[in-house]
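Data block below; observations after.
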Amino acid sequence: PDQHLAVRVEGLRDTGPGQAECTLVVEGRVAGWARLRHYNRGVHLGTVTVEGESTVRARVACSVGLRVVAGRLLPAVAVDPRVRSAKVAIDDFRLERVSKIEGRLAREMGRGLKRLLEQQLSEERLTAKLNRAIDKRRDRLVLDPSVLAGD
């Protein structure tokens, strides 16, 4: 994605003291593979390898708050992001290979996989996942000038 990733900020607006809202639009070409190995009681029953690529577009509506908190020496600023909604669109989904199956049959299987991915990336589930990920790293969202001073 480092060569094909675009990020835009749309609709940035002030919603009050230390508060703003915006929509982040992230688009990128993604290629990947996955391997599933199935075992039953320690006996290897089979392996399936899947390769494909797609264009993915995410629209994330969020609010961001800033507040002053105690820092080590000087006051610090805590950033408080919250995702209000998140939608993902999977465009141009192409399943290139499923183990030894290639071509048209693999693409037909890809249609079913695309529907499954879209269900897993529903707006509700994605919004909740993003907010959980933010909450896990909330301690990293404090900008403390004391750290820059070398303390």
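Numbering of residues begins at 1 and proceeds along the displayed sequence. Values below: every heavy atom of this structure, side chains too, minus hydrogens, waters and symmetry copies.
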Worksheet entry | Sidechain-backbone polar pair: D91 side chain, T55 backbone, donor-acceptor under 3.5 Å | no

Worksheet entry | Other ILVMFWY residues reachable from V69 by side-chain steps of under 4.5 Å | V142

Discussion item. Give me the atom names and distance for the closest heavy-atom approach of A76 to P145.
Written reply: CA-CD, 4.1 Å

Discussion item. Test of understanding: with side chain to side chain contact (heavy atoms under 4.5 Å, CB included), list the residues that count as partners of R8, not counting sequence neighbours.
Written reply: E10, V25, E27

Discussion item. R138: which residues meet the side-chain hydrogen bond (donor to acceptor under 3.5 Å, both in side chains) condition with it, sequence neighbours left out?
Written reply: D80, D135

Donor-acceptor contacts, no H, no angles, side chain residues 35-46, under 3.5 Å, sequence neighbours left out:
| unit_1 | atom_1 | unit_2 | atom_2 | d |
| --- | --- | --- | --- | --- |
| R35 | NE | T49 | OG1 | 3.3 |
| H44 | NE2 | G46 | O | 3.3 |
| H44 | NE2 | T47 | OG1 | 2.8 |

Practice prompt. Kindly write out the residues that satisfy side chain to side chain contact (heavy atoms under 4.5 Å, CB included) with A61, not counting sequence neighbours, or none if the list is empty.
Written response: T23, R84, S85

Worksheet entry | Rounded distance (nearest 0.5 Å) linking atom OG1 of T127 with atom CZ of R132 | 10.5 Å

Discussion item. Test of understanding: with salt bridge (charged side-chain N to carboxylate O under 4.0 Å, His left out), list the residues that count as partners of R137, not counting sequence neighbours.
Written reply: none

Item to complete: With sequence neighbours excluded, tell me which residues meet side-chain hydrogen bond (donor to acceptor under 3.5 Å, both in side chains) with D92.
Response: R29

Worksheet entry | Partners passing side chain to side chain contact (heavy atoms under 4.5 Å, CB included) against V56 (at least two apart in sequence or in another chain) | V30, S54, V88

Item to complete: Only counting residues at least two apart or in another chain, list the ones meeting side chain to side chain contact (heavy atoms under 4.5 Å, CB included) with V77.
Response: L66

Worksheet item: Quick one: side-chain hydrogen bond (donor to acceptor under 3.5 Å, both in side chains) partners of Q119, sequence neighbours excluded?
Response: none

Practice prompt. For Q19, enumerate each residue passing the side-chain hydrogen bond (donor to acceptor under 3.5 Å, both in side chains) test, keeping only those at least two apart in sequence or located in another chain.
Written response: none

Worksheet item: So which pairs with a foot in residues 72-96 pass ring pair (Phe, Tyr, Trp, His ring centres under 6.0 Å), sequence neighbours left out?
Response: none

Worksheet item: Would you say the side chain of T15 lies within less than 4.5 Å of the side chain of S63, judging by non-hydrogen atoms?
Response: no

Fill in: Pairwise side-chain contact, L126 with K87, heavy-atom cut-off 4.5 Å (strictly under)
no

Worksheet item: Shared ILVMFWY cluster between W33 and I90, side chains joined below 4.5 angstrom?
Response: no

Worksheet item: How far apart are the C-alpha atoms of L143 and V79, what are their side-chain angles, what is the distance that settles it, and do they pass the side chain to side chain contact (heavy atoms under 4.5 Å, CB included) test?
Response: CA-CA 8 Å; L143 309 172; V79 180; 4.2 Å; yes

